[in-house]
Amino acid sequence: IFFRISMSLALKLLFSALLLVVLVDSKHCIELGKDTWRHGGGSFERDGTNWIEYDNEMNKKAVFKQTLDNGRQVLIADHDRGVSIVLQDGLAGINNDGGSQYEQLYRGSWSQGYDCT
């Protein structure tokens, strides 16, 4: 019985030492902001204050300027075409008449990344 108790204690000490090494050496990951919004046909990806719309093959479809980010929604616009799009969790809406009403454009969600450097 003494051998089992001391062996168990030795294993516990070894495990504790390994766990400490892992914790000390681990990197802390930081969640990045809302940089990509994905839907079934492609994505919108932030590039500075621009948002680029891509299809599933990563072909560029359009470029938008960000006009608002309130933490829940991101509003992007292409003023030359008179189009604004609101991106929020669950759906994207489009407005192309300058009014305040948006029609559902896509179903999708935010795809957030992590920086573990």
- Taking a hydrophobic cluster as the set of Ile, Leu, Val, Met, Phe, Trp and Tyr residues connected by side-chain heavy atoms closer than 4.5 Å, whether directly or through intermediates, do Ile85 and Ile52 fall within one such cluster? no
- Can you say whether the rings of Tyr106 and His39 are parallel (under 30°), tilted (30 to 60°) or perpendicular (over 60°)? parallel
- Check Ser100 against Asn95 and note the closest heavy-atom contact, atom names and distance. N-ND2, 3.9 Å
- Can you list the residues that meet the salt bridge (charged side-chain N to carboxylate O under 4.0 Å, His left out) rule with Asp78, with sequence neighbours excluded? Arg81
- Drop me the distance from Gln101's CD to Ile94's CD1, to the nearest 0.5 angstrom. 14.5 Å
- Item | Between CZ on residue Arg38 and OG on residue Ser43, distance to nearest 0.5 Å | 5.0 Å
- Message: Under the rule for salt bridge (charged side-chain N to carboxylate O under 4.0 Å, His left out), what residues qualify as partners of Glu45, not counting sequence neighbours?
- Response: none
- Message: Holding to side chain to side chain donor-acceptor pair (under 3.5 Å), I want the full list of residues that pass it with Asp47, two or more places apart in sequence or in another chain.
- Response: none
- Lys60: partners by salt bridge (charged side-chain N to carboxylate O under 4.0 Å, His left out), with sequence neighbours left out: none
- Item | Verify same cluster id: Leu68, Tyr102 (apolar side-chain graph, 4.5 Å) | yes
- Which pair of heavy atoms, one from Gly90 and one from Trp37, lies closest together, and at what distance? C-CZ2, 4.4 Å
- Item | Pairs meeting criterion salt bridge (charged side-chain N to carboxylate O under 4.0 Å, His left out) with involvement of residues 93-110, two or more places apart | none
- Query: If only atom types and distance count, is the side chain of Ser109 paired as donor or acceptor with the main-chain N or O of Asp89 below 3.5 Å?
  - Reply: no
- Is it possible for you to say whether Phe64 and Trp110 belong to one hydrophobic cluster, with membership spreading through side-chain heavy-atom contacts below 4.5 Å? yes
- Sort and list the pairs that fulfil salt bridge (charged side-chain N to carboxylate O under 4.0 Å, His left out) and have at least one residue in residues 65-75, not counting sequence neighbours. Arg46-Asp69
- Start with the C-alpha distance between Gln66 and Val74, add both sets of side-chain angles, then the distance that settles side chain to side chain contact (heavy atoms under 4.5 Å, CB included), and finish with yes or no. CA-CA 7 Å; Gln66 179 175 311; Val74 172; 3.9 Å; yes
- Count the heavy atoms belonging to other residues, nucleotides or ligands that lie under 6.0 Å from CD of Gln104, then report whether that count exceeds 12. yes
- Message: A side-chain contact here means heavy atoms from C-beta on lying under 4.5 Å apart; do Phe44 and Ile76 qualify?
- Response: yes
- Message: Quick check: is Val83 connected to Trp51 through a chain of hydrophobic side chains (ILVMFWY, heavy atoms under 4.5 Å apart)?
- Response: yes
- Message: Main chain of Gly40, side chain of Asn56: is a donor-acceptor contact present, judged purely on distance under 3.5 Å?
- Response: yes
